[in-house]
Amino acid sequence: MKKNICVFCGASEGNRPEYRMAAEQLGMTIAKHNRRLIYGGGNKGLMGVIANAVLAHGGEVIGIIPERLVKAETAHHGITRLEVVENMHQRKARLTELADGFIAMPGGTGTLEELFEVWTGMQIGYHEKPVALLNSQFWQPMLNFLEHAVQEGFIRDSFYRTLIVADVAEEMLEKMDNFIPKDLQRWVKK
């Protein structure tokens, strides 16, 4: 069965060329490993870059986009399948439903919100799907804060360690394939 990799990332390319290169590399790796990209359905920024990279390497892309963003002309109409939903809540629910794992790349408030929603969903038992961050340099300030929250007693260290962090797409997919959330073993069937 083909695994669906949901990628959260910016509708902007950011200020560094490394972000675009990482999106291209991840897109190529997803296609090469016969995975299907599930993403927000946009044609701009890193969203458009990763979708185009998957397609350029023969992969499949499913985009989920709210009507409002279709009207704003940000929908990617050249992907394998574009699903239009009513609002952002439906978009996130559908992304989560389709995904076998989640990767967050550099992005803004939407990316952060999606990342924390799926990671929290894992913590409270809604799913056991891996959650990963690609590009540790970008994420390091947030990781520092999360480590601070662990030290202050607001996040369990064992749960914090369920978050996969990697800089290389191949390594990330391998870690996701071997993922068993140590803190959540009570939900893993032996």
Side-chain angles (χ1 to χ4, degrees), residues 2-66 68-70 72-83 88 91-92 94-96 98-119 130-146 163-177:
K2 185 177 281 198
K3 288 188 177 179
N4 293 331
I5 303 298
C6 179
V7 176
F8 305 129
C9 58
S12 156
E13 289 190 26
N15 294 330
R16 297 174 187 240
E18 300 90 65
Y19 301 146
R20 179 184 181 87
M21 290 186 304
E24 289 171 344
Q25 183 67 37
L26 180 58
M28 180 186 75
T29 303
I30 287 171
K32 175 181 157 188
H33 286 272
N34 198 30
R35 311 294 171 93
R36 184 180 295 116
L37 173 65
I38 309 296
Y39 85 120
N43 63 4
K44 297 185 181 340
L46 295 182
M47 291 176 74
V49 171
I50 192 167
N52 291 334
V54 171
L55 293 168
H57 291 90
E60 295 178 56
V61 178
I62 298 174
I64 314 296
I65 192 165
R68 177 176 285 211
L69 294 180
V70 173
E73 299 180 356
T74 64
H76 194 315
H77 294 285
I79 59 178
T80 310
R81 187 170 87 225
L82 182 67
E83 294 182 20
M88 293 296 280
R91 175 201 233 177
K92 290 185 299 176
R94 186 71 174 132
L95 290 169
T96 302
L98 292 174
D100 294 308
F102 306 91
I103 297 173
M105 293 193 64
T109 56
T111 300
L112 290 170
E113 191 255 345
E114 291 163 333
L115 165 65
F116 281 109
E117 184 169 323
V118 296
W119 194 38
V131 178
L133 302 175
L134 185 61
N135 190 319
S136 63
Q137 182 180 359
F138 175 82
W139 293 111
Q140 194 57 56
M142 184 187 77
L143 292 170
N144 292 343
F145 169 76
L146 292 173
L163 195 58
I164 297 167
V165 181
D167 290 317
V168 178
E170 294 267 353
E171 175 190 352
M172 174 157 293
L173 288 183
E174 183 178 329
K175 286 181 177 183
M176 291 175 78
D177 285 344

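Everything numeric here is computed off the predicted structure, so don't read it as measured data. Throughout, residue positions are numbered sequentially from 1 according to the sequence presented.
Nearest heavy atom pair, residue Leu95 against residue Gly40, reads CD2-N, 4.4 Å. Contact detail for Val70 and Ala75: the closest heavy-atom pair is CG2-CB, 4.0 Å. Annotation for Leu55 and Gly78: closest pair CD1-O, 3.6 Å, computed over non-hydrogen atoms. In plain terms, the two heavy atoms of Ala23 and Ala53 that are nearest each other are O-CB, 4.3 Å. Minimum interatomic distance between Ala51 and Leu37 (heavy atoms only, all atoms of both residues): CA-CD2, 3.8 Å.
The salt bridge (Lys or Arg N to Asp or Glu O under 4.0 Å) contacts involving residues 38-64 comprise Lys2-Glu60, Arg36-Glu60, where partners must be two or more places apart or lie in separate chains.
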Give the table of side-chain donor-acceptor pairs shorter than 3.5 Å for residues 133-140, with sequence neighbours excluded, one pair per line with atom names and distance.
{"unit_1": "Asn135", "atom_1": "OD1", "unit_2": "Gln137", "atom_2": "N", "d": "3.3"}
{"unit_1": "Asn135", "atom_1": "OD1", "unit_2": "Phe138", "atom_2": "N", "d": "2.9"}
{"unit_1": "Ser136", "atom_1": "OG", "unit_2": "Asp167", "atom_2": "OD1", "d": "2.9"}
{"unit_1": "Ser136", "atom_1": "OG", "unit_2": "Asp167", "atom_2": "OD2", "d": "3.0"}
{"unit_1": "Trp139", "atom_1": "NE1", "unit_2": "Ala104", "atom_2": "O", "d": "3.4"}
{"unit_1": "Trp139", "atom_1": "NE1", "unit_2": "Leu134", "atom_2": "O", "d": "3.2"}
{"unit_1": "Gln140", "atom_1": "NE2", "unit_2": "Asn144", "atom_2": "OD1", "d": "2.8"}

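With Arg91 contributing its side chain and Ile64 its backbone, the two residues share a donor-acceptor pair below 3.5 Å.
Interatomic distance, Asn34 CG to Lys32 NZ, rounded to the nearest 0.5 Å: 12.5 Å. Note that CE of Met105 is 10.0 Å distant from OG1 of Thr111, once rounded to the nearest 0.5 Å. In this structure, Asn4 CG and Ile30 CD1 are separated by 10.0 Å, a value rounded to the nearest 0.5 Å. In this structure, Glu170 CD and Lys175 NZ are separated by 13.5 Å, a value rounded to the nearest 0.5 Å. Note that CG of Leu69 is 14.5 Å distant from NE2 of His76, once rounded to the nearest 0.5 Å. Within the model, atoms CG of Leu46 and OG of Ser12 stand 7.0 Å from one another, a figure rounded to the nearest 0.5 Å.
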- Evaluation steps, side chain to side chain contact (heavy atoms under 4.5 Å, CB included), between Ile65 and Thr74: CA-CA 9 Å; Ile65 192 165; Thr74 64; 4.0 Å; yes
- Assess whether side chain to side chain contact (heavy atoms under 4.5 Å, CB included) is satisfied between Leu173 and Ile5, documenting all intermediate values. CA-CA 9 Å; Leu173 288 183; Ile5 303 298; 4.2 Å; yes
- Message: I'd like to know whether Phe102 forms a side chain to side chain contact (heavy atoms under 4.5 Å, CB included) with Leu115, so could you lay out the CA-CA distance, the side-chain angles of the two residues, the decisive distance to 0.1 Å, and finally the verdict.
- Response: CA-CA 8 Å; Phe102 306 91; Leu115 165 65; over 6 Å; no
- side chain to side chain contact (heavy atoms under 4.5 Å, CB included) between Thr29 and Val168: does it pass, once the steps are laid out? CA-CA 10 Å; Thr29 303; Val168 178; over 6 Å; no
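For the salt bridge (Lys or Arg N to Asp or Glu O under 4.0 Å) test, no residue two or more places apart in sequence or in another chain qualifies with Glu174. Applying the salt bridge (Lys or Arg N to Asp or Glu O under 4.0 Å) criterion to Glu13, with sequence neighbours excluded, gives Arg20. Remark: Lys92 pairs with Glu113, Glu117 by the salt bridge (Lys or Arg N to Asp or Glu O under 4.0 Å) rule, at least two apart or across chains. Partners of Arg68 by salt bridge (Lys or Arg N to Asp or Glu O under 4.0 Å), not counting sequence neighbours: none found.
Side-chain contact check for Met142 versus Leu112: some heavy-atom pair is nearer than 4.5 Å. Contact of the Ile79 side chain with the Tyr39 side chain is registered, since non-hydrogen atoms from C-beta on lie closer than 4.5 Å.
With Val131 as reference, Trp119 is the one residue of Phe8, Phe116, Trp119 to meet the side-chain contact (heavy atoms from CB on, under 4.5 Å) rule.
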